[in-house]
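Take a look at the structure set out below.
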Amino acid sequence: ELNHAIKSDGMELYYQPQVQMDGSQRLSVEALIRWNHPQRGMVFPDQFIPLAEDSGLIIPMTWWVVEASMKQCARWHQDGLPVNVSINISANFLQEELVVERVAELVRTYQLPDHTFALEITENMLMNDPHQASKTLIELNAMNIDVSIDDFGTGYSSLAYLKHLELDELKIDRSFVMGMSEYKNDSVIVQTVIDMAHNMGLRVVAEGVENRQDWDRLDGMGCDFIQGYFISKPKPVDEINIWLKEFYQHGMQLDLGLN
Ligand code: C2E
Ligand code: CA
Ligand code: CA
């Protein structure tokens with residue numbers, strides 16, 4: 001069924017904003033896949049990504065995500081909404097033959113401006129095959145596609161290895177962000193990751209921001225970007241379009257309940 005869904009329009013991308021803390025209008029959205037199952041309704045990725053990984057369907061699925069999200073990114077730019085797009089990839093995808101050439105061709109086809117497209121990959125994924133993964137990521141990065149380490153702090157990466165990658169961004173795992181108000185150690189970890197990222201010349205995104213208090217705390221800590229239900233839940237294209245137009249017209253007006 002998953003195979004069929006990938007080939008026949010059964011998958012859909014939702015988008016969740018990542019807003020910049022300094023109030024500027026630099027905006028990214030993360031593409032998050034959903035499966036519109038005819039009987040089960042909306043199926044969330046945690047329920048089918050492991051299956052996709054084990055069966056190899058992750059590869060055609062990721063190609064579908066790459067193409068659909070690039071097409072959407074290009075459309076937003078044509079419509080005067082300069083939004084950047086991030087997608088999630090797994091390590092298997094980086095081992096695909098000709099992955100760099102095919103991505104380059106899609107970037108040309110959709111005429112994506114530099115640094116408008118980013119790949120998020122988790123630490124554990126990278127450590128599966130560090131050599132091949134880093135070679136491919138460095139080539140993609142040279143094409144001005146940004147590279148972000150997702151769920152940072154939860155995996156088994158080694159800093160000695162990460163320093164060799166051409167990275168642009170670290171995303172602090174939401175478990176630390178959501179623990180900040182209760183556990184002092186979580187705040188210390190968040191602050192330390194922010195400082196380390198900045199010292200390495202990387203931008204930092206905090207995910208899982210669900211309330212004003214966490215927003216304010218992260219702002220005080222110098223975090224660059226925020227993502228979470230407090231800003232907006234992931235939304236389908238027609239709904240995120242309304243959100244984007246509002247955002248570019250009025251900026252991030254927390255009190256207006258833009259989320
Ligand atoms: P992720 O990359 O860490 O994505 C963030 C997840 O956190 C999303 O769940 C999002 O809905 C959720 N989230 C965002 N803000 C908040 C918040 O404030 N509070 C809470 N409690 N949760 C929040 P989602 O969409 O169910 O995705 C789950 C995971 O599935 C993603 O985690 C990612 O690892 C994977 N995934 C999603 N789309 C794709 C894809 O296209 N390809 C691959 N390979 N993996 C994907
Ligand atoms: Ca992600
Ligand atoms: Ca994440």
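Start at 1 and go down the list; that is how both ligands and their atoms are numbered.
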Would you say the side chains of Asn84 and Gln18 form a donor-acceptor pair under 3.5 Å? no
Report yes if some N/O of Glu30 lies less than 3.5 Å from some N/O of ligand 1; otherwise report no. yes
How far is atom 35 (C) of ligand 1 from its nearest protein heavy atom, and which residue and atom name does that atom have? Pro45 CB, 4.2 Å
So if I count the atoms of ligand 1 from 1 in the order they appear, which ones are less than 4.0 Å from some heavy atom of Glu210? 17 (C), 18 (O), 19 (N), 20 (C), 21 (N)
For atom 16 (C) of ligand 1, what's the nearest protein heavy-atom neighbour? Residue, atom name and distance, please. Tyr229 CE2, 3.2 Å
Can you tell me if, anywhere in Asp173, an N/O/S atom lies at a distance from the Ca ion (ligand 3) that is smaller than 3.0 Å? no
Counting each atom of ligand 1 from 1 as listed, which ones have a heavy atom of Met178 under 4.0 Å away? 21 (N)
Output field for angle at the Ca ion (ligand 2), Glu120.OE1 vs Glu30.OE2, rounded to 10°, should show 90°
Identity and distance of the protein heavy atom lying nearest atom 7 (O) of ligand 1: Arg174 NH1, 2.9 Å
N/O separation below 3.5 Å, Ile33 to ligand 1: yes
Inspect the contact between Asp146 and Arg203 and indicate whether a charged nitrogen and a carboxylate oxygen are less than 4.0 angstrom apart. yes
Checking side-chain polar atoms at under 3.5 Å, does Asn124 have a donor or acceptor matched by the opposite partner on Thr122? no
Just verifying a value: how many Å separate Trp76 CH2 and Leu244 CG, rounded to the nearest 0.5 Å? 5.5 Å
Kindly compute the distance separating CD (Gln191) from CG (Asp186), expressed to the nearest 0.5 Å. 13.5 Å
Protein non-hydrogen atom found under 4.0 Å from atom 32 (O) of ligand 1: no
At less than 4.0 angstrom from any non-hydrogen atom of Asp46, what atoms of ligand 1 do you find? 28 (C), 29 (C), 30 (O)
Glu207 and ligand 1 - part of the residue with a heavy-atom distance under 4.0 Å: side chain
Check the pair Ile49 / Met61 against side chain to side chain contact (heavy atoms under 4.5 Å, CB included), numbers first and verdict last. CA-CA 10 Å; Ile49 298 283; Met61 195 195 90; 3.5 Å; yes
Under 6.0 Å between ring centres: does that hold for Trp63 and Phe93? yes
Kindly compute the distance separating CG (Asn141) from CG (Leu167), expressed to the nearest 0.5 Å. 8.0 Å
For the OG atom of Ser69 and the CZ atom of Phe117, what is their distance to the nearest 0.5 Å? 3.5 Å
How many angstroms lie between OG in Ser232 and OH in Tyr14, if you round to the nearest 0.5 Å? 11.5 Å
Output the list of atoms in ligand 1 that are nearer than 4.0 Å to some heavy atom of Asp151, sorted by atom number. 3 (O)
His77 side chain vs Val83 backbone, donor-acceptor pair below 3.5 Å: yes
Before we go on, tell me: are the rings of Trp243 and Tyr248 under 6.0 Å apart, centre to centre? no
Looking at Asp150, the N/O/S atom that lies nearest to the Ca ion (ligand 2) is called OD2
Numbered in order shown, the ligand 1 atoms found under 4.0 Å of a heavy atom of Pro234 are 11 (O)
Protein contact to atom 34 (O) of ligand 1 [nearest heavy atom, distance to 0.1 Å]: Asn88 OD1, 4.6 Å
Short N or O distance, Glu120 and ligand 1, threshold 3.5 Å exclusive: no
Would you say Arg34 has any N or O atom under 3.5 Å from an N or O of ligand 1, going by distance alone? yes
Using heavy-atom distances only, which candidate in Ile87, Asn211, Asp150, Ile58 approaches atom 1 (P) of ligand 1 most closely? Asp150
Donor-acceptor side-chain pairing of Ser90 and Asn92 below 3.5 angstrom: no
Around atom CD of Glu105, are there more than 12 heavy atoms from other residues, nucleotides or ligands closer than 6.0 Å? no
With atoms numbered from 1 as shown, which atoms in ligand 1 lie under 4.0 angstrom from a non-hydrogen atom of Gln16? 14 (C), 15 (N)
Among the N, O or S atoms of Asp151, which one sits nearest to the Ca ion (ligand 3)? OD1
How many angstroms lie between CG in Leu126 and CG in Asp150, if you round to the nearest 0.5 Å? 10.5 Å
Is_contact(atom 9 (O) of ligand 1), protein non-hydrogen, under 4.0 Å: no
Taking atom 4 (O) of ligand 1 as the reference point, the nearest protein heavy atom with its distance: Leu32 CD2, 3.6 Å
Element-labelled atoms of ligand 1 that are located less than 4.0 Å from some non-hydrogen atom of Ile49: 43 (C), 45 (N), 46 (C)
Of the backbone and side-chain N, O or S atoms of Asn88, does one lie nearer to the Ca ion (ligand 2) than 3.0 Å? yes
Do any of the N/O/S atoms of Glu207, backbone or side chain, fall under 3.0 Å from the Ca ion (ligand 2)? no
